[in-house]
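Keep in mind that this is a model prediction, so the values were computed, not measured.
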Amino acid sequence: MKYLHLIWAALFRRKLRTFLTLVSIITAFLLFGLLDAVRVGFDQAGQSANGAQRLQTGAKLSFIQLLPMSLGARIAQIDGVKDTTFANWFGGAYQKPENQVFSFAVASNYLDIYPEMEVSAEHRKAFAETKDGALVGEGLAKRFGWKVGDQVPMQSTIFPDKNGSQNWPFKIVGFIHVSDKKTAGWFDQMFLLNWKYFDDTTPWNQGKVGWYVTRVADVNQADRIAKAIDAISANSDHETRTLTEQAATAAWMKQLADINLIVTSIMGAVFFTLLLLAGNTMMQAVRERTSEIAVLKTLGFSGQSVLAMVLAEAVLLLFIGGCIGLALASVIGPAVGAASNGALNLPAAGVASWAIGIGLMLLFGLLVGALPAMNAMRLNITDALAGRA
């Protein structure tokens, strides 16, 4: 690259314009890196279950389909299953629909499966003995100012009671403490109610279960156990799909929206805008240097050399901004995942993401530089120096 100094000088001839264009490119590739991390996170969630301490079993057809209560006893008999529990989604909101909370109707042994949720013996006893009792995360209690003994009206956005009302009364009997908020902080926002109270109060459940949670004895056997669980109900009217908790969350999201389509659509719009912006920048940059390009040709530079330098300038512009953007995404992604208290999995940009990103930088650089480079190659020296080009 003996002409690198010329390319570099041309690129930063108008420093402010180049800086603003770089900011746009950095932003575009930062979004690419973060959105690709979302895609990779969802894809990774569906891989082998080995290594997972807990498995979640839901209906294969849809997460809103309920499962029979009898399935739990059969799951517990599988070799390698240490314990199993179940829960139903409640879909509660406090005071107004906008105040949605993570609310679940849970079995009596639910807390045994989740040691991350620390509940005092006194509060666990009160929860077991109070039919309409509720355990709430300390963060959720602080958010709404709840105290033990408070009567809390909740609106179920899904299940009415026997009288057709969406309003359910609960009594706060204890708090859920989460010691490790970096990985299990979302439990701090949970609202747990007794499954028996839920099942007795709504006519829409009738002894059914939303999903099962299984704790395995050996994490290296989780994949085998998951397949054994699903084999129980194969070819039945309630076929199941057993996944890790992370994969189950991803599956729920995928049933609500096509994640890959959303990511592709957003990135398509961002990169289309980037092409227009970077292309306009390169056209202006070459147009301003018409006389300088003519001088280069007068000094003996061939049209092909000028073409190559303009293309290299465009590729360098995209490469600098793109690499900075991907590097920022590699730092911001995991930081956002950590800040979400384990609710989001945003891995740093891997080899595949960098390979795709660099390929896009090269492609976009060639695209935005193609037209101005062709114009520069075809530039007539006489017309350029006379001001007619």
Side-chain angles (χ1 to χ4, degrees), residues 7-8 10-47 182-183 185-186 246 249-250 253-254 256-285 311-370 372:
I7 298 170
W8 187 267
L11 180 61
F12 288 95
R13 186 171 184 269
R14 299 286 186 184
K15 292 182 176 59
L16 179 60
R17 182 175 62 202
T18 300
F19 172 76
L20 294 176
T21 305
L22 280 174
V23 169
S24 301
I25 297 171
I26 291 170
T27 303
F29 279 91
L30 171 61
L31 284 173
F32 165 76
L34 293 176
L35 290 173
D36 195 57
V38 172
R39 179 190 61 80
V40 170
F42 274 90
D43 290 343
Q44 287 180 345
Q47 295 175 1
K182 290 184 178 180
T183 59
W186 76 290
Q246 181 185 353
T249 302
M253 291 296 295
K254 286 181 179 179
L256 295 173
D258 189 333
I259 303 300
N260 286 332
L261 177 61
I262 293 173
V263 169
T264 302
S265 300
I266 294 174
M267 290 316 307
V270 170
F271 282 140
F272 177 74
T273 305
L274 175 64
L275 284 173
L276 295 179
L277 178 63
N280 181 64
T281 297
M282 286 304 303
M283 289 292 291
Q284 288 184 354
L311 285 176
E313 180 183 341
V315 170
L316 181 60
L317 177 65
L318 267 296
F319 189 78
I320 293 173
C323 287
I324 294 174
L326 280 179
L328 289 175
S330 296
V331 175
I332 294 175
V336 171
S340 71
N341 299 324
L344 289 174
N345 176 34
L346 295 178
V351 175
S353 297
W354 274 96
I356 295 172
I358 291 174
L360 289 173
M361 296 172 209
L362 177 61
L363 175 62
F364 293 159
L366 294 175
L367 287 175
V368 301

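Between Leu326 and Trp354 there is a side-chain heavy-atom pair separated by less than 4.5 Å. Within the 4.5 Å cutoff, no side-chain heavy atoms of Ile266 are placed close to those of Leu31. Side-chain contact between Ile358 and Leu362: absent, with no pair of heavy atoms (C-beta onward) separated by less than 4.5 Å. Counting only heavy atoms from C-beta outward, the side chains of Val368 and Leu317 never approach each other to under 4.5 Å. Residues Leu328 and Phe29 form no side-chain contact, since every pair of their non-hydrogen atoms from C-beta on lies 4.5 Å or further apart.
Using cut-offs of 30° and 60° on the angle between ring planes, the pair Trp8 and Phe12 is tilted.
Taking all atoms of both residues into account, the shortest heavy-atom contact from Thr27 to Val23 is OG1-O, 2.8 Å. When all heavy atoms are compared, the tightest approach of Leu318 to Ala278 is CD2-CB, 4.3 Å. Looking at every heavy atom in both residues, Ala285 comes nearest to Arg17 through CA-NH2, 3.6 Å. The minimum heavy-atom distance between Phe32 and Gly357, with the atom names listed, is CE2-CA, 3.9 Å. Pairing each heavy atom of Gly369 with each of Ala314, the nearest pair is CA-CB, 3.8 Å. For the residue pair Cys323 and Met361, the shortest heavy atom distance occurs at N-CE, 3.6 Å.
Under the 6.0 Å cut-off for aromatic ring centres, Phe364 and Phe319 do not qualify, their centroids lying 6.0 Å or more apart.
The side chain to side chain donor-acceptor pair (under 3.5 Å) search around Ser24 returns none, not counting sequence neighbours. Taking Thr18 as the reference, nothing meets the side chain to side chain donor-acceptor pair (under 3.5 Å) condition, with sequence neighbours excluded. Not counting sequence neighbours, the partners of Arg14 by the salt bridge (charged side-chain N to carboxylate O under 4.0 Å, His left out) test are Glu288.
Considering CG of Leu311 and CE of Met282, their distance stands at 8.0 Å, rounded to 0.5 Å. Between atom CG of residue Leu30 and atom CD1 of residue Ile324 there is a gap of 11.5 Å, rounded to the nearest 0.5 Å. For the atom pair Thr273 OG1 and Phe271 CZ, the distance stands at 11.0 Å (nearest 0.5 Å).
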Side chain to side chain contact (heavy atoms under 4.5 Å, CB included) assessment of Leu35 paired with Val270
CA-CA 12 Å; Leu35 290 173; Val270 170; over 6 Å; no
